[in-house]
Novice: 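Okay, here's the structure, questions in a sec.
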Amino acid sequence: MSHSSNLFLNLNYEPAIESLEDYHDIVTAAEYPLHKLRWRNDQVLSVLGLDPAKVSDDDFIEAFGHFQAVRPFLALRYHGYQFGEYNPQIGDGRGFVYGQVRGNDGELYDFGTKGSGRTPYSRTADGRLTLKGGVREIIASEALHRMGVKTSRCMSLVETGEELWRGDEPSPTRSGVMVRFSRSHIRFGTFERLRWIGRDDLTRKLLDHVLQIYYPHLWGTADQDQKFYLELVERVATLCAQWMAAGFCHAVLNTDNMSITGESFDYGPFAFIPTYDPRFTAAYFDHAGRYSYANQPAACYWNLDKLQDPLSMIMDKNDMQSSLLKFKDFYRQAYCEMMLKRLGFASLSEPETEELISATLELLAMVQAIGYNQFFVKLRQTFQLNWREEASNIFADHDWELTDEQLPLLEKWRIVYHQLLIRQPIAEIENMAKQLQQANPTMIFLRPKIEELWERIAVDDDWQPLYAAIAQLQS
Ligand code: AMP
Ligand code: MG
């Protein structure tokens, strides 16, 4: 028993993945010259049932900067398909599972580190995280969470005072260590490794673990394994649909970045799309556009398909294949659901939904002067009761510069939207204003915005603009 008053050190950590033994290596954390807490996520503390007022910054630093040990630190073993090529050389190269603990929702969560030092999987790399990388992960996860996407959160970011050299940042650049709060760090690639080493017994053991902890409603039921795969297909399709509706490009959809729980995590060169451009590609090194915005559903499908290889050591491939064919329907349903919300509607008939979404995408594809997320913010900010009276009232005061060819697309959109509004009872219109606020945060983290926030940190060590932007996101 710990006698510390630090609540993090007194949480009831469970030896979940630790007790399985075959999927990790025990590692130690790096020691740093500096420990400055730059980010603490009090919303996550609440999920853990901790009162933020009782957790000091020093508690964060002790646990997630100095890495006071509670349980052994576990670097997880995994492989993965990276840009289509199988890579058996990876694994947790700069992170480990610090501990696993129940939230007050009864679910098991991981504290996973990023930038905590070298491990047997670091290869030639330094095991470190740039401070900017940490800031970007905070932004991605908080923005997605605000939009209702199931995502890991960033629990803490501690600046660690080292100089790092990176090809994609002006170097030397500052260092940090992050602790991520996530549903699980078991990836598709965790299973892929077991196929590579030919261990059907370990695959069985790992799938049982996944079922018991992350799919408990399926555990012990008839056909539990096939039901798991089908539900995973649904979860991943839903997640991908939500990224698309949010205008989010993850950028590195390798199988080692795909969680077995269908949660979004591991944010590298991600971007929110500035405009609706299907070919938008976020990673500068993704020359072929494999993980472009519009390719994300195909990439997720491909990853789910590949996951059948390890799983087929213990379950029937044909059955999995027929589950995978449902991806498209799951995807479409989740996409329509979120897009409707972003457009202010709780529900519409199928043909109405199709018409509205296609009119919206057509407008946003053809009129690049209207930003993708800016469009939804504008809708939120200008939506009024009088839109129901006249189609021309809709976006009457817009300042978009439209060409003669583009104008008819806006006209068409107005007519479609107006028709839907007149079919809504007046009482519904009031709900729509609330719905629009809920679905469309006014803070949009396009790249120039993120760079601007980072500049303030890099040049003046001024963190307030970042904190203010996140506060606006959540308001
Ligand atoms: P990622 O692109 O962050 O998903 O990482 C892919 C693989 O490279 C994982 O095995 C990481 O652990 C490893 N990796 C990435 N950056 C570093 C680093 N700075 N030091 C050690 N390993 C790293
Ligand atoms: Mg990764």
Novice: Give a yes or no on whether the backbone of Arg128 and the side-chain of Arg94 come within a donor-acceptor separation of less than 3.5 Å.
Specialist: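 A pair under 3.5 Å: yes.
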Novice: Between His209 and Ile17, is any pair of side-chain heavy atoms under 4.5 Å apart?
Specialist: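 His209 reaches Ile17 side chain to side chain.
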Novice: Please report whether the ring centroid of Phe248 lies less than 6.0 Å from that of Tyr293.
Specialist: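 Aromatic pair excluded; centres sit 6.0 Å or further apart.
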Novice: Specify the closest pair of heavy atoms between Asp126 and Arg166, including all atoms of both residues, with the distance to one decimal.
Specialist: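 It is OD2-NH1, 2.9 Å.
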Novice: From Leu211 CG over to Gln224 CD, what is the distance, rounded to the nearest 0.5 angstrom?
Specialist: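 The CG atom of Leu211 sits 5.0 Å away from the CD atom of Gln224.
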Novice: Take Asp223 and Met315 through the side-chain contact (heavy atoms from CB on, under 4.5 Å) test and state the conclusion after the steps.
Specialist: CA-CA 10 Å; Asp223 298 326; Met315 55 200 275; over 6 Å; no
Novice: Side chain of Arg146, backbone of Ile470: donor and acceptor closer than 3.5 Å?
Specialist: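 Not at all, since once roles are kept as given, no pair shorter than 3.5 Å links the two residues.
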Novice: For Tyr229 and Asp319: C-alpha separation, side-chain torsions, deciding distance, then whether side chain to side chain donor-acceptor pair (under 3.5 Å) applies.
Specialist: CA-CA 9 Å; Tyr229 184 77; Asp319 290 348; over 6 Å; no
Novice: So, Thr442 and Gln472: side-chain donor and acceptor under 3.5 Å apart, yes or no?
Specialist: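 There is such a pair (donor and acceptor under 3.5 Å, judged by atom type) between the side chains of Thr442 and Gln472.
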Novice: Considering only heavy atoms from C-beta outward, does the side chain of Ile90 approach that of Arg123 to under 4.5 Å?
Specialist: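 Counting from C-beta outward, Ile90 and Arg123 do come under 4.5 Å.
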Novice: Quick check: Phe272 with Phe445 (ring centres under 6.0 Å apart)?
Specialist: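 No, ring centres 6.0 Å or more apart.
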Novice: Measure the spacing between CD of Glu263 and CE of Met258 and express it to the nearest 0.5 Å.
Specialist: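 Between atom CD of Glu263 and atom CE of Met258 there are 12.0 Å.
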Novice: So with a 6.0 Å cut-off around CG of Asn12, is the heavy-atom count from everything else above 12?
Specialist: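 No, not enclosed.
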Novice: Does the ring pair (Phe, Tyr, Trp, His ring centres under 6.0 Å) test come out yes or no for Phe376 and Tyr372, once each step is laid out?
Specialist: CA-CA 7 Å; Phe376 294 100; Tyr372 180 80; 5.3 Å; yes
Novice: Just wondering, do Glu354 and Arg332 contact through their side chains at under 4.5 Å, heavy atoms?
Specialist: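 In contact.
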Novice: Is there a side-chain contact between Phe265 and His185 in this structure, where contact means two heavy atoms from C-beta onward sitting under 4.5 Å apart?
Specialist: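 Yes - at least one pair of side-chain heavy atoms lies under 4.5 Å apart.
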Novice: Does any non-hydrogen side-chain atom of Met320 lie less than 4.5 Å from one of Asp316?
Specialist: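 The answer is no, as the side chains (C-beta and beyond) never meet within the 4.5 Å cut-off.
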Novice: In this structure, are over 12 heavy atoms from other groups packed under 6.0 Å from Met313 atom CE?
Specialist: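 Result for CE/Met313: enclosed.
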Novice: Does any N or O in the side chain of Thr281 come within less than 3.5 Å of the main-chain N or O of Arg279, such that one atom is a donor and the other an acceptor?
Specialist: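 Yes.
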Novice: Looking at OG1 of Thr261 and CG of Leu108, how far apart are the two atoms once the value is rounded to the nearest 0.5 Å?
Specialist: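 Rounded to the nearest 0.5 Å, the OG1-CG separation comes to 11.0 Å.
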Novice: If we ignore angles and hydrogens, is there a donor and acceptor under 3.5 Å between the side chains of Glu159 and Ser175?
Specialist: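 Ser175 and Glu159 do not have a side-chain donor-acceptor pair below 3.5 Å.
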Novice: Per the salt bridge (charged side-chain N to carboxylate O under 4.0 Å, His left out) rule, what does the pair list look like for residues 292-314, sequence neighbours excluded?
Specialist: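 Sorted pair list: Asp309-Lys317.
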Novice: Who pairs with Glu355 by salt bridge (charged side-chain N to carboxylate O under 4.0 Å, His left out), at least two apart in sequence or on another chain?
Specialist: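 Counting only residues at least two positions away or on another chain, Glu355 forms no salt bridge (charged side-chain N to carboxylate O under 4.0 Å, His left out).
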Novice: Kindly say whether Ile186 contributes a backbone atom to a donor-acceptor pair with the side chain of Thr190 at under 3.5 angstrom?
Specialist: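 Not a single qualifying donor-acceptor pair exists.
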Novice: Could you give me the CA-CA distance, side-chain angles and deciding distance for Phe375 and Thr360, then say whether side-chain contact (heavy atoms from CB on, under 4.5 Å) is met?
Specialist: CA-CA 10 Å; Phe375 173 80; Thr360 305; 3.8 Å; yes
Novice: Which pair of heavy atoms, one from Gly93 and one from Ser122, lies closest together, and at what distance?
Specialist: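 Minimum heavy-atom contact is O-OG, 2.7 Å.
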Novice: State the CZ-CG distance between Phe60 and Asn6, to the nearest 0.5 angstrom.
Specialist: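 It comes to 9.5 Å.
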Novice: Can you tell me if Asn254 uses its side chain to pair, donor with acceptor, with the backbone of Asp256 under 3.5 Å?
Specialist: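 Checked: no pair found.
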Novice: Check whether the ring centres of Tyr301 and Tyr331 lie less than 6.0 Å apart, and answer yes or no.
Specialist: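 Centroid distance Tyr301-Tyr331: not below 6.0 Å, so no.
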Novice: Consider only side-chain N and O atoms of Arg342 and Asn373, and report whether a donor and an acceptor are under 3.5 Å apart.
Specialist: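 Side chains of Arg342 and Asn373: pair found under 3.5 Å.
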Novice: So which atom in Ser19 and which in Ala16 form the shortest heavy-atom distance, rounded to 0.1 Å?
Specialist: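 What the structure gives for the nearest pair is OG-O, 2.7 Å.
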Novice: Just wondering, are more than 12 heavy atoms of other shown residues or ligands nearer than 6.0 Å to CD in Gln368?
Specialist: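 More than 12 heavy atoms, drawn from other residues, nucleotides or ligands, come within 6.0 Å of this atom.
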Novice: Is it the case that His66 and Glu31 place a side-chain donor and acceptor less than 3.5 Å from each other?
Specialist: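 Distance-only check fails for His66 and Glu31.
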Novice: Tell me if the aromatic rings of Tyr86 and His79 count as close, with their centers under 6.0 Å from one another.
Specialist: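 Tyr86 vs His79: aromatic centres under 6.0 Å.
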Novice: Give me the atom names and distance for the closest heavy-atom approach of Ser116 to Tyr32.
Specialist: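 Looking at all heavy atoms of both residues, the closest pair is CA-OH, 3.1 Å.
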Novice: Distance from Leu194 atom CG to Lys205 atom NZ, nearest 0.5 Å?
Specialist: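 It is 10.5 Å, given to the nearest 0.5 Å.
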Novice: For the residue pair Tyr98 and Phe111, does the interplanar ring angle fall in the parallel (under 30°), tilted (30 to 60°) or perpendicular (over 60°) class?
Specialist: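 Tilted: the ring planes of Tyr98 and Phe111 meet at 30° to 60°.
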Novice: Asp168 vs Tyr284, test: side-chain contact (heavy atoms from CB on, under 4.5 Å). Steps then yes/no.
Specialist: CA-CA 9 Å; Asp168 54 357; Tyr284 69 91; 3.9 Å; yes
Novice: Cationic tip of Arg102 within the cone over Tyr109's six-membered ring, i.e. under 6.0 Å and within 45° of the normal?
Specialist: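 Arg102 over Tyr109 ring: no.
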Novice: Taking the six-membered ring for Trp, are Trp302 and Tyr81 closer than 6.0 Å centroid to centroid?
Specialist: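 That pair passes the under 6.0 Å test.
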Novice: With the side chain counted from C-beta on, respond yes when Arg174 and Ile457 share a heavy-atom pair under 4.5 Å apart, and no when they do not.
Specialist: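 SC-SC contact between Arg174 and Ile457 confirmed.
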Novice: Check whether Phe181 forms a cation-pi arrangement with Arg153 (NZ or CZ under 6.0 Å from the six-membered ring centre, at most 45° off the ring normal).
Specialist: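 Not flagged: Arg153 not positioned over aromatic ring of Phe181.
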Novice: Output the distance between atom CG (Leu340) and atom CD1 (Ile357), rounded to the nearest 0.5 Å.
Specialist: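 It is 5.0 Å, given to the nearest 0.5 Å.
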Novice: Quick one, Thr173 and Leu131 - any side-chain contact, counting heavy atoms below 4.5 Å?
Specialist: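 With C-beta onward as the side chain, the pair stays apart.
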Novice: Heavy atoms only: give me the nearest Asp200-Ile314 pair and the separation to one decimal.
Specialist: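 So the two residues come closest at O-CG2, 3.7 Å.
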Novice: I want to know whether Phe96 and Phe73 have ring centres closer than 6.0 Å.
Specialist: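 Between Phe96 and Phe73, the centre distance is under 6.0 Å.
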Novice: Any chance you could lay out the salt bridge (charged side-chain N to carboxylate O under 4.0 Å, His left out) test for Asp110 and Arg180, step after step, and finish with the verdict?
Specialist: CA-CA 8 Å; Asp110 288 4; Arg180 183 192 282 153; over 6 Å; no
Novice: Any donor-acceptor pair under 3.5 Å linking the side-chain atoms of Thr255 with those of Tyr78?
Specialist: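 No pair is found: no donor N or O on one side chain lies under 3.5 Å from an acceptor on the other.
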Novice: Heavy-atom distance under 4.5 Å between the side chains of Asn41 and Trp39, does that happen here?
Specialist: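 Yes, close enough: below the 4.5 Å cut-off.
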Novice: Using a cut-off of 6.0 Å, state whether more than 12 heavy atoms not belonging to Lys227 lie near its atom NZ.
Specialist: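 Correct, the count exceeds 12.
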Novice: What I want to check is whether the side chains of Asp25 and Tyr121 have a donor and an acceptor closer together than 3.5 Å.
Specialist: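 Distance-only check passes for Asp25 and Tyr121.
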Novice: side-chain contact (heavy atoms from CB on, under 4.5 Å) for Glu62 and Leu9? Distances and angles first, verdict last.
Specialist: CA-CA 9 Å; Glu62 192 181 20; Leu9 304 181; 4.0 Å; yes
Novice: Mind listing the closest non-hydrogen atom pair of Phe188 and Ser259 along with its distance?
Specialist: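 Minimum heavy-atom separation between Phe188 and Ser259: CE1-O, 3.6 Å.
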Novice: Is the side chain of Asn303 donor-acceptor paired with the backbone N or O of Leu253 at a distance under 3.5 Å, no angle test?
Specialist: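 Side chain of Asn303 to backbone of Leu253: a pair is present.
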Novice: Is there a donor in the side chain of Gln100 and an acceptor in the side chain of Glu18, or the other way round, less than 3.5 Å apart?
Specialist: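 Note: Gln100 and Glu18 side chains miss the donor-acceptor criterion.
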Novice: Between His250 and Trp243, how do the two ring planes meet: parallel, tilted or perpendicular, split at 30° and 60°?
Specialist: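 Rings of His250 and Trp243: tilted, 30 to 60°.
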